[in-house]
Amino acid sequence: METDAETAAKRLLGCELVHEVEGHRLRVRIVETEAYDEADPASHTHRGRTARNDAMFLSAGHAYVYLIHGLHHCMNVVAGFEGHGCGVLIRAAEPLEGLAEMERRRGRGGAELTNGPGKLCQAMGITLPMREHDLGEPPLILIRRSPVDQDQIVVTRRVGIAKNADAPRRFYLRGDPWVPRPWTT
DNA sequence: GAAAAGATCTTCT
DNA sequence: GAAGATCTTTTCC
């Protein structure tokens, strides 16, 4: 399971994320990811291990959740071996199960449900306490799927960052309607 | 110890 | 298309 961040980011495309909360089963399929690791100036782990990014240094398959701009959550899947700060940001997903509950949590529906890191976490009910959670255990589980075809994956520069912005480390499924529109090529 | 920026989203013009 | 919301972490006196 342990790999470099870019390989993990590509492998996560098409995988499913399930969160069982308050009697609801929320299930999505990952369609857009970004890779981050210690050698990357844009990564939270670039300046070493701290109290905030500690989860990123756990073994592969853990969750790293953080608060951005004081009001939105973002979720990463840790990719590397214990002690290596690399992981994958989940940027967008396709809702598969629990649509009504996600719409209730978001206060919106349709394409606005899960087409962004903050929106996805709000729809899925993923918050700070899920930091350092093992994604092999309930209530939040990552379901591995066989990797999608290489020619289904589009690689571009990442979104919304200032440092190392030109690095081609963002991956999404070609033509998928749940990938945010302006970036879909 | 103080100030600024940040892997974002929503609302208003 | 631009700015506001809102708070943690980092950086610079």
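Convention: sequence-line order gives letters A, B, ...; per-chain numbering from 1. Side-chain atoms are counted along with the backbone in the values below, which use heavy atoms only and exclude waters and symmetry mates.
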Of the nucleotides [options], which has the atom closest to the [X] side chain?
{"X": "A/Arg106", "options": "B/dT10, C/dA5, B/dA7", "result": "B/dT10"}
{"X": "A/Arg47", "options": "C/dT10, B/dA7, C/dT6", "result": "C/dT10"}
{"X": "A/Tyr64", "options": "B/dA7, C/dT8, B/dC9", "result": "B/dA7"}
{"X": "A/Tyr66", "options": "C/dA5, B/dA7, C/dT8", "result": "B/dA7"}

Straight-line distance of A/Phe171 CZ to A/Ile30 CD1, nearest 0.5 Å: 14.0 Å
Grab the [atom1]-[atom2] distance between [X] and [N] for me, whole Å please.
{"X": "A/Met75", "N": "B/dT8", "atom1": "CE", "atom2": "P", "value": "16 Å"}
{"X": "A/His44", "N": "C/dT10", "atom1": "NE2", "atom2": "P", "value": "9 Å"}
{"X": "A/Leu67", "N": "C/dT9", "atom1": "CG", "atom2": "C1'", "value": "11 Å"}
{"X": "A/Leu128", "N": "C/dT9", "atom1": "CG", "atom2": "C1'", "value": "13 Å"}
{"X": "A/Ile68", "N": "B/dT10", "atom1": "CD1", "atom2": "P", "value": "15 Å"}
{"X": "A/Arg52", "N": "B/dA5", "atom1": "CZ", "atom2": "P", "value": "16 Å"}
{"X": "A/Asp37", "N": "B/dA7", "atom1": "CG", "atom2": "C1'", "value": "14 Å"}
{"X": "A/Arg170", "N": "B/dT8", "atom1": "CZ", "atom2": "P", "value": "11 Å"}

Distance-only donor-acceptor check, side chains A/Arg105 and A/Gln122, under 3.5 Å: no
Do side-chain atoms of A/Asn53 reach the backbone of A/His44 as a donor and acceptor pair under 3.5 angstrom?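 At least one qualifying donor-acceptor pair exists.
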Does A/Arg25 reach the main-chain N or O of A/Val18 with its side chain, forming a donor-acceptor pair under 3.5 Å? no
Within the pair [X] and [N], is there a side-chain N or O less than 4.0 Å away from OP1 or OP2?
{"X": "A/Arg108", "N": "B/dT11", "value": "yes"}
{"X": "A/Arg91", "N": "B/dT8", "value": "yes"}
{"X": "A/Arg158", "N": "B/dG6", "value": "no"}
{"X": "A/Arg169", "N": "B/dA7", "value": "no"}

Starting from the 5' end of DNA chain C, give me the residue, A/Asn53 or A/Leu71, whose nearest nucleotide shows up first. A/Leu71
On DNA chain C, check which nucleotide each of A/Lys163 and A/His72 is closest to and give me the residue with the more 5' one. A/His72
Are the ring of A/His69 and the base ring of C/dA5 both nearer than 5.5 Å at their centres and tilted by less than 30°?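 No; by the centre-distance and plane-angle rule, A/His69 does not count as stacking on C/dA5.
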Identify whether a stacking contact exists between A/Tyr36 and B/dA7, where the ring centres must be under 5.5 Å apart and the planes under 30° apart.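 Ring-base stacking flag set for A/Tyr36 and B/dA7.
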P gap between B/dA7 and C/dG1, integer Å: 23 Å
Dot-bracket for DNA chain B, 5' to 3', counting Watson-Crick or G-U wobble pairs under 3.5 Å, with [ ] for crossing pairs and | for inter-strand pairs? ||||||.|||||.
By nearest nucleotide on DNA chain B, pick out whichever of A/Ala162 and A/Glu112 is the more 5' one. A/Ala162
I need the single residue from A/Arg27, A/Arg144, A/Arg29 that forms a salt bridge (Lys or Arg N to Asp or Glu O under 4.0 Å) with A/Glu16. Which is it? A/Arg27
Hey, which of A/Arg169, A/Arg91, A/Arg157 is the one that makes salt bridge (Lys or Arg N to Asp or Glu O under 4.0 Å) with A/Glu34? A/Arg91
Could you pull out the closest heavy-atom pair between A/Ala60 and A/Ala79, with the gap in Å? CB-O, 3.1 Å
If I compare all heavy atoms of A/Tyr66 with all of A/Arg131, which pair ends up nearest, and what's the gap?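 Taking A/Tyr66 first and A/Arg131 second, the nearest heavy atoms are CA-NH2, 4.3 Å.
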Sugar-phosphate only, base, or nothing, as touched by A/Ile161 at under 4.0 Å among non-hydrogen atoms: sugar-phosphate
